[in-house]
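Could you have a look at this structure, given as structure tokens, before my questions?
As a basis for the values below, the full set of heavy atoms in this structure was taken, side chains included, without hydrogen atoms, waters or symmetry mates. Letters A, B, ... mirror the listed sequences (proteins, then strands); counts begin at 1.
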2 protein chains.
Amino acid sequence: MLREDVTEAIRAAVFEELASVGYARMSIEGIARRAGVGKTAVYRRWRSKLHLVLDIVSALAVQGLPAPDTGSLEDDLRLLYEVTSRALRHPLASQILPDLQAEAARNPDMAEAVQKALRDGQEGVASKILVAAEQRGEIRAGHDDELALDLISGPLYWRSVVIRSPKLPKGYLGALARATAEAIKAL
Amino acid sequence: MLREDVTEAIRAAVFEELASVGYARMSIEGIARRAGVGKTAVYRRWRSKLHLVLDIVSALAVQGLPAPDTGSLEDDLRLLYEVTSRALRHPLASQILPDLQAEAARNPDMAEAVQKALRDGQEGVASKILVAAEQRGEIRAGHDDELALDLISGPLYWRSVVIRSPKLPKGYLGALARATAEAIKAL
DNA sequence: TCACGACGGAACGGTCCCGTCCCACCGGAC
DNA sequence: GTCCGGTGGGACGGGACCGTTCCGTCGTGA
């Protein structure tokens, strides 16, 4: 019964509001205003701001990304970094991510949704890359998998989101992939 | 003329408010309430919430931490990680950090203050460790220093703040230091 | 002893948002 | 052609803060 175009307009407005003012400052009124929609239309679909955002974040998690499989750990990492780096360059992502993360530090439901989204995205791909390298015998089995995941995901996130470096120097991703592959092989 | 104990009570209240509700939701009224102080006392010292928080964050940046100097890159990193890890275990830090970071994504002044605090803290120590290792000939000169800094700081931040792992398995920091040292030597 | 200034507290008008309710409208199903 | 339900819009009482202003109190330095 609910009109799908209205629903979609609301979803889009949430993304924009999230990016421009953040979760805490975001209001239902503001979302409806930006979507060109009555508050009623929003409340008819979601009970609260939290439900609304949780629903959207959870929807993001569903998209299972294909893992690269070049036959070499370093090249797999390189490809992963290029995809991730391009995603993080979007202002939408780099504004929203730390915001959701800050909210997750306070709200267990939000934390669960964000972690699930991470696991299905970045961490999932990284994990597949690791398993492939292990089967290939390129890295040792039995090491701390979580540590390896941290080594893979940490540096680029730190650089892009924490340090907030506007753009990466040429050759950065390649050098990062090489260094990370070395680190994991040394585990 | 302003009473120092009142000023200190306000500063402490800001930390607590920041940790419990976050920057965006934090209000001057709430701070004054928690500090057991009139709003007047706050406005007499700072013009706005932003000035207040910027002042406090900037004050944090001043504390120059001593860099470890064991004569080995891996051991230096290990010590750095132990200090950092202990700091991040404090709920205060791990709640406030992502929050300030999210705010920094929207406010250039906040971004500058946070980056300065980082540079004077974590990044500063890491940088000194790198220079020492370079002089020792343990790592090559002329590589991308910023990449090395990302390799050092990224993984532990990712694990502690993003993944929000409650506690690290035994031996994690040691293995991380070893792997990171390998990665940097491979640059 | 006295004056000054910072203090906590309370109130001000104003703004924004909450969640609910009611309205007139309109498009699709029957 | 007539309903019916979602729609945008607007109004609602209530609540939280804003930043300012005014109190009466209290400590301190002259």
Whether A:Lys128 and A:Asp69 form a salt bridge (side-chain N of Lys/Arg under 4.0 Å from carboxylate O of Asp/Glu) is what I want to check. no
Main-chain N/O of B:Leu168 paired to B:Ser165 side chain as donor or acceptor, under 3.5 Å: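 Checked: no pair found.
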Summary of protein contacts for nucleotides 23-30 of chain D, nucleotide by nucleotide, where a base hit scores B, a sugar-phosphate-only hit scores S (4.0 Å, heavy atoms): --------
Rounded to whole angstroms, how far apart are NE2 on A:His51 and P on C:dG19?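 The answer, rounded to whole Å, is 11 Å.
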Spacing of B:Arg34 atom CZ relative to C:dG8 atom C1', expressed in whole Å: 19 Å
Among D:dG5, C:dG5, D:dG8, the nucleotide that comes nearest once only the side chain of B:Met1 is considered: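 Out of D:dG5, C:dG5, D:dG8, the nucleotide with an atom closest to B:Met1's side chain is C:dG5.
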Nearest whole Å is fine: how far is D:dG8 C1' from A:Tyr43 OH? 16 Å
In whole angstrom, give the distance that lies between atom CZ of A:Arg44 and atom P of C:dT20.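 A:Arg44 atom CZ is separated from C:dT20 atom P by 13 Å.
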Does any non-hydrogen side-chain atom of A:Asp145 lie less than 4.5 Å from one of A:Glu134? yes
Does B:Arg33 have a side-chain nitrogen or oxygen under 4.0 Å from the phosphate oxygens OP1 or OP2 of D:dC17? yes
Assign B:Arg47 to base, sugar-phosphate, or nothing according to its heavy-atom contacts below 4.0 angstrom with the strands shown.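 Since no nucleic acid heavy atom lies under 4.0 Å of B:Arg47, the category is nothing.
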Nearest-Å distance for atom pair CG/C1', residues B:Leu2 and C:dC4: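 Whole-Å distance recorded here is 14 Å.
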Please give, in whole Å, the distance from D:dG8 P to A:Ile10 CD1?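 Going from A:Ile10 (CD1) to D:dG8 (P), I get 8 Å.
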Does the side chain of A:Thr70 come under 3.5 Å of the side chain of A:Arg78 through a donor N or O and an acceptor N or O?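 Looking only at side-chain atoms, A:Arg78 and A:Thr70 do not form any donor-acceptor pair under 3.5 Å.
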In whole angstroms, how far is the P atom of C:dG5 from the CZ atom of B:Arg45?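 Between P of C:dG5 and CZ of B:Arg45: 16 Å.
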Can you list everything that forms a side chain to side chain contact (heavy atoms under 4.5 Å, CB included) with B:Leu92? Sequence neighbours excluded, please. B:Phe15, B:Ala19, B:Ile96
Near DNA chain D, which residues from residues 20-30 of chain B have a heavy atom under 4.0 Å away?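 Listed by number, they are B:Ser27, B:Ile28, B:Glu29.
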So, does the side chain of A:Lys39 form a donor-acceptor pair with the base of D:dG8 at under 3.5 Å? no
Are any of the side-chain heavy atoms of A:Leu52 and A:Ile31 separated by less than 4.5 Å?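 In short, these two side chains touch, coming nearer than 4.5 Å.
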Atom pair distance, as rounded to whole Å: CG in A:Leu50 and P in C:dG19: 11 Å
Using side-chain heavy atoms (C-beta onward) and a distance below 4.5 Å, is A:Lys116 in contact with A:Ser58?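 Sidechains of A:Ser58 and A:Lys116: no contact.
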Ignoring hydrogens and geometry beyond distance, is the side chain of A:Thr40 in donor-acceptor contact with the base of D:dG6 at under 3.5 Å? no
Quick check: do A:Asp55 and A:Arg11 have side-chain heavy atoms less than 4.5 Å from each other?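 Yes - at least one pair of side-chain heavy atoms lies under 4.5 Å apart.
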Angle class for the A:Tyr157/B:Tyr157 ring planes (parallel below 30°, perpendicular above 60°, tilted otherwise)?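 Ring orientation, 0 to 90° scale: parallel.
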